[in-house]
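Keep in mind that the numbers below use all heavy atoms, side chains included, and drop hydrogens, waters and symmetry copies. Just so we're on the same page: letters track the sequence lines, and every chain starts at 1. Model, not experiment: these values are computed from the prediction.
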Protein chains: 2
Amino acid sequence: MGITKSEIFTKEQNQIASIAKVLGHPARIAILEHLAKVKTCICGDLVNTIGLAQPTISQHLKELKKLDLIKGNIEGNSICYCLHKEKWEEFKDILNQFLSIFSDPENNCC
Amino acid sequence: MGITKSEIFTKEQNQIASIAKVLGHPARIAILEHLAKVKTCICGDLVNTIGLAQPTISQHLKELKKLDLIKGNIEGNSICYCLHKEKWEEFKDILNQFLSIFSDPENNCC
DNA sequence: TTTGTATATTGCAATATTACGATAAAGGTA
DNA sequence: TACCTTTATCGTAATATTGCAATATACAAA
């Protein structure tokens, strides 16, 4: 049905999935990598850097904003986007914890 | 269009996105968590544990198999699924490396 | 062989996602 | 004021994803 049955999963499972989902598109990976590279805030150069139309970039930024991963400060005419560092660290911890669930060396079977 | 313009991104960006995407559904998170909990291989108990129909579970397993995250060994009548540990570690490293792109303390602006 | 059990596949309906042209909104500048 | 730049939103088309009933497949046991 295209709709996810979120209600049958735990809050934690849904949260991990939400974080992973927003990272599940190369454009958003590229946006975050660009944000990391240009240490200062970036504004409208994403459209030029990434090869997607302006409305498409705007939509991807919206997805990132929905999870609070980035914030946008109005700077005169344009908008200065940057990372929400605390959220990033929080999500990083959540993902890292999930990624270590198989760390038990006894976890071997086939 | 629902279709991702993969060709305009790097191989690495696409790979990170692919890994994140497969983790972007709570059912697949639940499957992996279950696999981690029952140290031994699991077979058909996923349908009972998770509240989804058998074809749906089968489809999610297929997604995980597509990325080589799990492997299924035929065990008599049923199938024994387990983690592909090497792949898991590989993907974990890739994600961890990406998640640390903002580690530079100078990365502050807003 | 027949029956039962376990898993995969097919086919379909509903919803979500991706992408972009057109347009709107908001601010700067002449 | 009029014009330009920047970003957001709307509307729409194409494709993807999720979920399940029905069915197929494969094997074991009676």
Presence of [X] side-chain N/O under 4.0 Å of [N] phosphate oxygens OP1/OP2:
X	N	answer
B:Ser78	C:dA6	no
A:Tyr81	D:dT6	no
B:Thr56	D:dC20	yes
B:Lys62	C:dT7	no
B:His60	D:dG19	yes

So what does A:Ser58 touch, heavy atoms closer than 4.0 Å: a base, only the sugar-phosphate, or nothing?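 Contact class for A:Ser58: base.
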Need one value for A:Leu52: base, sugar-phosphate or nothing, where a base atom within 4.0 Å counts as base even if backbone is also close, heavy atoms only.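 Answer is sugar-phosphate: A:Leu52 comes under 4.0 Å of backbone atoms only.
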Side chain of B:Gln59: nearest nucleotide among D:dA28, D:dC20, D:dA16?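 Taking heavy atoms from C-beta onward, the closest nucleotide is D:dC20.
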The side chain of A:Lys21 is closest to which nucleotide in this list: D:dC20, C:dA16, D:dA8?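 My answer, after comparing the listed nucleotides, is C:dA16.
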Is it the case that the base of C:dA6 and the side chain of B:Gln54 share a donor-acceptor contact (distance under 3.5 Å, atom types as modelled)?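 Under the 3.5 Å cut-off, the side chain and the base do not form any donor-acceptor pair.
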Nearest 0.5 Å please: distance from the CD atom of B:Glu90 over to the NE2 atom of B:His84.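 Separation between the atoms: 8.5 Å.
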Which residue is it: B:Lys71, B:Glu75, B:His34, B:Lys65? I am looking for the one with a side-chain contact (heavy atoms from CB on, under 4.5 Å) to B:Tyr81.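 In the set B:Lys71, B:Glu75, B:His34, B:Lys65, the residue that makes a side-chain contact (heavy atoms from CB on, under 4.5 Å) with B:Tyr81 is B:Lys65.
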Check the orientation of A:His25 and B:Phe9. Use parallel for under 30°, tilted for 30 to 60°, and perpendicular for over 60°.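 Rings of A:His25 and B:Phe9: perpendicular, as their planes differ by over 60°.
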Would A:Leu23 and B:Phe98 satisfy side chain to side chain contact (heavy atoms under 4.5 Å, CB included), going step by step from the backbone distance to the final call? CA-CA 10 Å; A:Leu23 299 179; B:Phe98 172 72; 4.2 Å; yes
